[in-house]
Amino acid sequence: MAKAKDQPLEPSLYQQIYQMVSLIPQGRVASYGQIARLIGLPRNARQVGYALAVLPEEHEIPWHRVVNIKGEISARSKAGYEDYQRILLEDEGIEFSPAGRIYLKQFLWDA
DNA sequence: ATGGAGGCGCACA
DNA sequence: CTGTGCGCCTCCA
């Protein structure tokens, strides 16, 4: 695409991530890598996590529906949110295995 | 400019 | 199942 400097004709990387995450339907989860792939950046799973880590306080983004490829809730910088995330997910009907992992086969978002 | 760090992913042992 | 190592790419100080 022709772009003068790097004037983003497209939303910034984070904006794309946020938008994609907001598309995850209720009762479903997606992995970081999956989100990255969906926006055409298969090697940016980490950026997805980073983007969510710096989410502004006010947003409509279902960040809790994003977990790692194993179906478990990743540890993050700020404590407390892990339990919160699990509660939000269970509240949507997502089930966890005894080991604390989501049954991806059943709940992974089929984009 | 450079280096460190980050809610990851995957291959191996 | 767990632990370790390495690759990937961007953001921030």
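The shown structure was predicted, so the numbers you read here are calculated from the model rather than taken from an experiment. Chain identifiers are assigned alphabetically (A, B, ...) following the order of the sequence lines, protein sequences preceding nucleic acid strands; residue numbering begins at 1 within each chain.
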Atom pair CZ/CD1 of Phe96(A) and Ile102(A) - distance to nearest 0.5 Å: 4.0 Å

Membership question, hydrophobic clusters at under 4.5 Å side-chain separation (ILVMFWY): are Leu55(A) and Leu88(A) in the same one? yes

Expected list for residues 82-111 of chain A near DNA chain B, using heavy atoms below 4.0 Å, is none

So which heavy atom on Lys78(A) is nearest to which on Glu82(A), and how close? O-OE2, 4.5 Å

Tyr18(A) OH - dG7(B) C1' separation (whole Å): 12 Å

Taking N or O atoms only and anything under 3.5 Å, show me the protein contacts with nucleotides 9-13 of chain B, one pair per line.
from   : atom 1 : to       : atom 2 : distance (Å)
dG9(B) : OP1    : Gly33(A) : N      : 3.0
dG9(B) : OP2    : Ile69(A) : N      : 2.7

State yes or no: do Tyr32(A) and Leu104(A) share one hydrophobic cluster built from I, L, V, M, F, W and Y residues joined by side-chain heavy-atom distances below 4.5 Å, directly or via other members? no

Could you summarise the pairing of DNA chain C as dot-bracket text, marking Watson-Crick and G-U pairs under 3.5 Å with ( ) or [ ] inside the strand and | across strands? .||||||.|||||

Check the distance between dG7(C)'s P and Asn44(A)'s CG and give it to me in whole angstrom. 17 Å

Check nucleotides 11-13 of chain C against the protein and report each pair of N or O atoms closer than 3.5 Å, with its distance, or say if there are none.
none

Taking side chain as C-beta onward, heavy atoms only, is Tyr103(A) less than 4.5 Å from Ile94(A)? no

In whole angstroms, how far is the P atom of dC8(B) from the CH2 atom of Trp63(A)? 14 Å

Of all the heavy-atom pairs spanning Ala30(A) and Leu108(A), show the shortest one and how long it is. CA-CD1, 3.9 Å

Quick one: do Ile24(A) and Leu89(A) end up in the same hydrophobic cluster if we chain Ile, Leu, Val, Met, Phe, Trp and Tyr together by side-chain heavy atoms under 4.5 Å apart? no

Ile39(A) side chain near Leu13(A) side chain, heavy-atom distance below 4.5 Å: yes

Shared hydrophobic cluster for Ile73(A) and Ile69(A) (ILVMFWY, side-chain gaps under 4.5 Å): no

Between C1' of dC8(B) and CZ of Arg76(A), the distance in whole Å: 14 Å

Please list, for nucleotides 3-5 of chain C, all pairs of protein and nucleotide N/O atoms separated by less than 3.5 Å.
none

The test is side chain to side chain contact (heavy atoms under 4.5 Å, CB included); show your working for Val67(A) and Gln85(A) and say whether it passes. CA-CA 10 Å; Val67(A) 295; Gln85(A) 179 170 9; 3.9 Å; yes

Run the side-chain contact (heavy atoms from CB on, under 4.5 Å) test against Gln26(A) and tell me which residues pass, sequence neighbours left out. Arg65(A), Glu92(A)

Kindly determine whether Val29(A) and Trp109(A) satisfy side chain to side chain contact (heavy atoms under 4.5 Å, CB included), including the steps that lead there. CA-CA 5 Å; Val29(A) 297; Trp109(A) 178 32; over 6 Å; no

Taking atom OH of Tyr81(A) as the centre, report whether more than 12 heavy atoms of other residues, nucleotides or ligands fall under 6.0 Å from it. no

Ionic contact status for Glu90(A) with Arg86(A), cut-off 4.0 Å: yes

Residue pair Val54(A), Tyr14(A): steps toward the side chain to side chain contact (heavy atoms under 4.5 Å, CB included) verdict: CA-CA 10 Å; Val54(A) 298; Tyr14(A) 286 12; 3.8 Å; yes

